[in-house]
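Working notes, beginning with the structure itself.
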Amino acid sequence: MRRAVVWLALACPLWAQPAVAPSDELVGRRSGEQWAGYRIIQSWELGYRLSSTGGNEGKYRSDVNYGNGIRLLSGRFAMTSNDGHGRWFDELLLNTQGLGNDPYEAANFRIQKNKWYRYDGLWRRNDYFNPALPIAGGQHLEDTVRRLQDHDFTLFPQSSVKFFTGFSRNTQTGPGLSTVALAGSTGAVTPLMLDIRRSQNEFRYGNEFRVASIRINWMGAREWFREELPARSSQPAGTQVSRSQVYEGTTPSWRLNFFREQGEKWAINGRGTYSRGLRNYDTQETATGVPAASPSRAIQTVVGGVARRPVLTANVTLSLFPTSRLTVTNQTAYHDVRMYGDSLYSQLENSTLLQSLIYFQTLGIRTLANAATVDFVVRRGLSLRGGYQYSERRIQSVERNTENVEGGFTDLKTGDQTNRLHSGMAGLRLQPVKGVTILLDGEIGRQDHPFTPISDKNYHGLSARAQWRGRSFTLGAVAQANYNFNSISLSHHSSRTRRYAVDASWSPRSSVSIEASYARLHLDTATGLAYFVSLRPVIGQSLFFSNVHSAYAGVRLSMIKRADLYFGYTGTFDTGDGGTAPGSDAFQQVQTYPMSYQSPLARVSVLITNKLRWNAGYQYYGYHEDLYSYQNYRAHTGYTSLLFTF
Amino acid sequence: MTRARRLGPLVFWLAAATATGAPTYVGSATCRRCHPDVVMSFSRNPHYKAQVEHPDARDQGGCESCHGPASEHVAAGGGKSNLAAFSVMPSRQVLDACLRCHSNSLGRASVRGSSHSLAQIACNQCHSVHKSPVQKFLLAREQRDLCYGCHQTVKAQFSMPFKHRVNEGFMSCADCHNPHGAAAPVWRMGARPRMTGVALQNEEPCLKCHTDKRGPFAFEHSGVRVDGCETCHSPHGSAHPRLLRRPAVFTLCLECHSGAGNFGRQGDGINMTSVTHSMTDPKFQNCTACHTRIHGSNADERFLR
């Protein structure tokens with residue numbers, strides 16, 4: 001029976017508002033077409049995307065970045081063998097999105113033959129503006145393009161002995177900030193925009209086999225990384241900078257995993273990894289010019305050296321299931337990383353003497369952690385759990401600066417500290433009636449020597465979640481709170497995070513779906529500060545408030561079995577809290593950050609034939625902030641497309 | 001096929017037989033009479049591989065390899081009490097049934113002790129074995145929608161102006177998280193975050209893509225290495241550029257660089273800013289305009305170059 005079934009997701013709850021295109025609606029036969037012993041299902045959406053921006057376009061390109069032009073908005077292709085015995089393959093899948101210069105392009109590909117091989121490929125390209133300065137008022141000028149690809153091939157994927165190999169490549173191009181040491185009265189260094197080219201290639205290989213019921217999986221990998229900043233610049237005005245900066249190296253790594261299959265009574269799994277990162281770097285720079293209020297200068301700088309980082313990690317997890325109601329899990333983890341290197345820094349300045357410095361430092365971190373959890377099902381619909389974790393971390397560091405004339409080091413600084421963390425957790429899951437689930441969780445922790453003033457020290461977290469699922473509706477609510485208090489003499493840090501969310505979805509019939517959600521994210525922190533204003537020390541306090549209200553609503557309607565309408569709205573508002581730092585000029589402006597970000601959308605999809613749909617949509621983006629109003633923008637985006645199958 | 005996998009359906013069948021008498025296998029052709037859509041689409045289902053491997057064994061390849069012998073179900077004209085109906089099974093039982101075959105994957109090695117399993121989230125709450133609209137992994141919906149269904153506060157974070165592009169389809173939650181359970185993170189002290197996947201070298205998942213931040217560097221920013229990326233960044237989404245936790249960067253930096261207490265590498269406080277840096281001057285409020293290599297540098301211990 002070849003029954004034409006139109007793919008519609010009408011009855012599905014609508015949980016997230018994606019970008020207006022590609023369309024959710026699909027066309028074609030669910031049963032697909034037959035060809036040479038294969039069943040083929042495919043759909044392609046070709047359309048035109050348009051946008052019009054007002055206000056700060058740079059900010060728009062940082063946040064959204066949809067442009068004009070023809071796009072293959074989406075593509076889906078599936079080819080499966082009817083009898084599972086295809087000549088070269090049994091399954092071939094291809095999914096694409098945004099091909100043709102959308103800022104978010106992706107394609108994934110899978111081909112496999114049962115028992116013999118499986119290949120997975122993923123390609124992604126992201127084009128966006130990277131804010132040049134990491135403050136809200138920063139210039140949005142860095143047109144960054146990032147390309148990622150991953151390839152994985154498995155031989156005998158369903159066998160007890162399998163082999164795998166893979167390759168990943170990650171590249172990034174675009175300008176980035178660097179500095180040049182053309183000292184003047186304005187400061188020791190001058191910011192400089194440079195074109196950065198980064199590439200990372202990783203090749204991996206491995207094997208998996210089984211001994212009794214234990215599977216052993218090992219993998220070796222080697223990563224190559226290279227970063228270049230070739231530059232000739234006339235920035236700032238009146239200066240000339242020429243730089244060649246190369247940073248490259250390899251990281252070989254090995255990973256060993258083992259795990260017990262099935263494990264209905266007990267299960268064990270573990271992992272050990274070792275990697276040995278190595279980077280070489282070389283910088284040669286010539287800078288000439290006349291900095292502000294300074295005499296003409298010429299500076300040559302040469303930097304070279306090597307950095308190393310061996311990392312050893314291991315963990316073992318043992319789970320016991322003595323009865324169907326009881327789960328006991330214990331996990332031990334070990335992490336050891338050492339970072340060290342040397343850097344020869346030489347600088348020749350025409351008006352002063354040759355200066356040669358060697359910096360050298362070591363940082364070692366070793367962490368040992370053990371966690372035990374117990375979960376007990378009291379009765380159907382009620383389970384309790386509890387746990388305890390102990391972590392111990394040792395941090396060692398050595399800093400040696402400034403080689404003196406005798407060849408020794410001065411300014412030797414060493415550090416050695418041990419931190420311990422005790423944390424406990426408890427929770428319960430309750431299902432009082434069918435369809436209703438309630439989860440309660442809590443965690444409390446104490447650390448004796450946090451590394452930074454904002455690290456977790458005396459913290460606790462509470463979480464409550466309730467959900468009611470019916471045949472045509474879902475109601476949910478979440479409340480979470482996290483508190484951390486890190487206080488010592490002369491300094492304290494206190495942070496409070498509270499999050500609340502409710503959501504509901506309802507599909508009264510197959511042609512109507514409604515969903516709405518609201519979330520409130522609250523954060524307030526108080527932190528002790530010390531800084532200088534006009535050579536005068538200031539001891540103050542940072543009080544930061546954020547009250548984010550996020551709302552979403554979506555309605556999908558199906559009319560006369562041919563037209564589908566969708567209306568959605570997403571709004572995010574940070575109302576701040578009006579707080580300012582008393583007596584702290586530098587901080588008064590940035591203690592709250594009122595902003596709004598809204599995006600309503602509407603889309604229509606009309607079924608023309610069983611193999612063809614016409615779609616059109618509109619989406620508005622409006623961004624507004626009080627602190628730096630020149631960043632505000634509004635954008636009207638839309639698209640029209642044809643979605644068809646062959 | 002292991003002995004356990006061979007015996008699994010048999011044990012399941014015996015359990016069913018004990019409870020209901022002696023049900024027998026009827027074959028997928030019988031199932032098709034009442035469930036044509038399910039059977040028709042089965043050849044596109046990854047589970048079809050099992051049927052290909054065992055075309056004659058009803059207990060190892062077809063519908064009854066998961067649902068058990070269905071003779072009583074057929075005789076009764078349907079029902080969920082006379083065969084293994086996953087929609088009414090306890091989550092632990094669903095997990096046991098699926099892991100009979102799916103326990104041989106490294107990514108699911110920690111599934112029984114995962115936060116999802118302990119919260120009674122069973123496989124079929126995210127996977128739709130018969131009618132998956134998603135081509136890969138038989139997901140019941142798009143992955144982000146599945147996760148948002150319970151993690152509503154995370155959905156709100158991804159609605160921020162600056163966010164990882166999950167809603168845009170460029171990334172998925174599983175790029176950073178393992179929903180089947182992950183080992184506890186070893187790059188920081190506490191047990192949180194849970195269910196976070198790791199990069200190849202047991203690192204934070206951020207470094208899978210942001211490889212330039214991995215290093216090694218001759219001069220490491222120790223705060224990054226000791227407490228991790230989340231010290232400064234909100235990984236899901238933020239109202240502030242670069243996913244920072246504060247709108248202006250100097251407020252973030254100064255919260256640590258106050259010189260107070262016994263924090264830092266030497267335990268004598270993290271060094272203050274230079275006395276020449278007047279914080280009311282906008283130039284000095286943009287710390288990373290000069291300290292551009294804030295994640296680590298090979299040329300300057302103050303991360304200038």
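Chain letters run A, B, ... following the sequence lines, proteins first, then strands; residues in each count from 1. Values in this document were obtained by computation on a predicted structure and should not be read as measured data.
Comparing B/Val166, B/Thr231, B/Asp212 by heavy-atom pairs within less than 4.5 Å of chain A, the highest count is held by B/Asp212. No other option in A/Ala369, A/Ser546, A/Ser324 has as many heavy-atom pairs under 4.5 Å with chain B as A/Ser324. Note on B/Gly296, B/Ala239, B/Ser117: by heavy-atom pairs under 4.5 Å with chain A, the leading option is B/Ala239.
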Worksheet entry | Full working for side chain to side chain contact (heavy atoms under 4.5 Å, CB included) between A/Arg124 and B/Asp175 | CA-CA 13 Å; A/Arg124 289 182 279 190; B/Asp175 282 335; 2.9 Å; yes
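Between A/Tyr247 and B/Phe217, the ring planes lie parallel to each other; the angle is under 30°, not in the 30° to 60° tilted range.
Taking 4.5 Å as the limit, every side-chain heavy atom of A/Met595 sits out of range of all side-chain heavy atoms of B/Met160. By the 4.5 Å heavy-atom criterion applied to side chains, A/Phe532 and B/His277 are not counted as neighbours. Residues A/Ser455 and B/Phe263 form no side-chain contact, since every pair of their non-hydrogen atoms from C-beta on lies 4.5 Å or further apart. Between A/Arg465 and B/His151 there is a side-chain heavy-atom pair separated by less than 4.5 Å.
A cation-pi contact, defined as under 6.0 Å to the ring centre and within 45° of the axis, links B/Arg246 to A/Phe544.
The structure places CE of A/Met339 at 8.5 Å from OG of B/Ser222, a figure rounded to the nearest 0.5 Å.
The existence of a salt bridge linking A/Arg393 and B/Asp227 is confirmed by a sub-4.0 Å separation between a basic side-chain nitrogen and an acidic carboxylate oxygen.
Only the side chain of A/Arg385 comes within less than 4.5 Å of a heavy atom in chain B; its backbone stays farther off.
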